[in-house]
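Computed from a prediction, not measured in an experiment: that's the story for all the values here. All heavy atoms count here, side chains included; hydrogens, waters and symmetry mates do not. Numbers for residues simply follow the sequence, beginning at 1. All ligand and atom numbering here is 1-based and tracks the order in the structure.
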Amino acid sequence: MNKNIVIAGPRGRMGSEAVNMVLNEPSFNLVSCIDHKTELNPILAENNIPVYQNPEECFYANDVDVLIDLTVAKASFNHIIMALQNKISCVVGTTGFTNEQLEEIQQVAKENETGIIIAPNFAVGAILMMHFSKIASKYLEDVEIIEKHHDQKVDAPSGTAVKTAEMIKSVRKSKQQGHPDEIEVLSGARGATDDGIHIHSIRLPGLVAHQEVIFGGEGQTLTIKHDSMNRKSFMDGIKLSVNHVVEIDGLIYGLENVLDLD
Ligand code: NAP
């Protein structure tokens with residue numbers, strides 16, 4: 001069945017990629033967009049896609065199945081609550097929600113028997129990298145994470161690195177790695193540590209989103225590496241989630257809970 005889609009944030013780096021993806025997917029119809037400014041992504045003008053500044057007006061004027069939100073947490077939270085109250089399913093890539101906001105989203109989604117998928121990382125390859133790292137850490141308990149991102153990223157380490165460490169910790173015995181008397185000649189040389197797992201963050205122009213998880217054992221190392229070369233890498237996960245979200249009630253958090261990984 002074809003799905004009528006609204007995209008919030010169509011001028012953004014992720015949002016403009018989502019506009020291209022939806023316009024090129026035969027079973028998706030881009031019915032309108034939500035933006036806080038009136039400047040247009042030119043592709044929307046070419047395709048006569050209306051843009052609303054008021055989300056309520058957008059949901060009232062159109063028959064919408066799924067909202068894809070790629071904006072900022074504050075705006076996104078309002079879009080989501082309004083969409084769920086109108087029984088519109090949501091696929092959200094926006095990051096930075098508080099636990100309280102996630103709890104409220106879950107409650108509103110349940111009350112309205114409507115589905116929502118929020119995923120901090122929609123790249124299927126990145127989800128597999130985390131999953132494989134969790135498996136590897138059962139057998140190789142010494143591990144360090146190197147994450148690399150573009151220099152406009154403000155938070156470090158990345159959410160994906162933190163999540164990877166959490167997944168590893170869920171199966172690996174707690175361990176302080178390296179020499180017990182290790183000295184940092186320059187402060188920060190060994191990166192951040194989470195339960196003994198060292199996490200190193202690199203920020204450079206030219207990078208998009210990259211991560212290596214390196215395991216060490218006697219006489220061997222194992223490297224699990226993922227690279228997002230551009231924002232197209234996130235679109236398969238969004239597409240998959242749009243098709244899945246209309247089948248569920250309530251909140252699914254994380255693309256790993258949408259993929260069949262067992
Ligand atoms: P971006 O290029 O800054 O795009 C954000 C867009 O949202 C901009 O067009 C911005 O407009 C718009 N916006 C801001 N406030 C708004 C409001 N009140 N109402 C409607 N639109 C509003 O950022 P991005 O790189 O595309 O990232 C977007 C979000 O996705 C971020 O939260 C980012 O962390 C997240 N992200 C997620 C994934 C994933 O896989 N889940 C991957 C990459 C990024 P202005 O420019 O006018 O402010």
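Among K153, Q152, E147, the single residue meeting the side-chain hydrogen bond (donor to acceptor under 3.5 Å, both in side chains) criterion with H149 is E147. Paired with V6 under the rule side-chain contact (heavy atoms from CB on, under 4.5 Å), one option of V64, I88, D65 passes, and it is V64. Residue V213 is tested with T223, I197, L222, V143 for a side-chain contact (heavy atoms from CB on, under 4.5 Å); the sole match is V143. Residue H226 forms a side-chain contact (heavy atoms from CB on, under 4.5 Å) with just one option from E212, H210, M130, M129, and that option is M129.
Near V72, the atoms of ligand 1 lying under 4.0 angstrom from a non-hydrogen atom of the residue are 14 (C), 15 (N). Applying the 4.0 Å criterion to heavy atoms of K37 picks out, from ligand 1, the atoms 45 (P), 47 (O).
Looking only at protein heavy atoms, the nearest one to atom 18 (N) of ligand 1 is A75 CB, 3.1 Å. For atom 5 (C) of ligand 1, the nearest non-hydrogen atom of the protein is L70 O, 3.9 Å. Ranking the protein heavy atoms by distance from atom 46 (O) of ligand 1 puts R11 NH1, 3.8 Å first. The protein atom (non-hydrogen) at minimum distance from atom 9 (O) of ligand 1 is G12 N, 3.3 Å. Protein heavy atom at the shortest distance from atom 34 (O) of ligand 1 is T95 OG1, 2.6 Å. The closest protein non-hydrogen atom to atom 2 (O) of ligand 1 is R13 N, 2.9 Å.
On a distance-only criterion, F122 and ligand 1 share at least one N/O pair closer than 3.5 Å. Below 3.5 Å of separation, one finds an N or O of H36 facing an N or O of ligand 1. Between M14 and ligand 1, a contact under 3.5 Å exists for at least one N or O pair. An N or O contact shorter than 3.5 Å links A119 to ligand 1 by distance. Distances between N or O atoms of P120 and those of ligand 1 include at least one value under 3.5 Å. On a distance-only criterion, G93 and ligand 1 share at least one N/O pair closer than 3.5 Å.
In this structure, A8 has no heavy atom closer than 4.0 Å to ligand 1.
Taking a 6.0 Å sphere around NZ of K232, one finds it holds 12 or fewer heavy atoms contributed by other residues, nucleotides or ligands.
Taking the charged nitrogens against the carboxylate oxygens, K110 and D249 have no contact shorter than 4.0 Å, which rules out a salt bridge. By the 4.0 Å N-to-carboxylate-O rule, E113 lies too far from K87 to be salt-bridged with it.
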task: Might you work through the side chain to side chain contact (heavy atoms under 4.5 Å, CB included) test for Q211 and K225, ending with a clear yes or no?
output: CA-CA 6 Å; Q211 182 168 295; K225 181 170 182 279; over 6 Å; no
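Atoms CD1 and OG, on I117 and S89 in that order, are 8.5 Å from each other to the nearest 0.5 Å.
Taking all heavy atoms of V51, D69, T71 into account, the minimum distance to atom 28 (C) of ligand 1 is reached by T71.
Using a 3.5 Å distance cut-off with no hydrogens or angles, the side chains of S174 and D195 do pair a donor with an acceptor.
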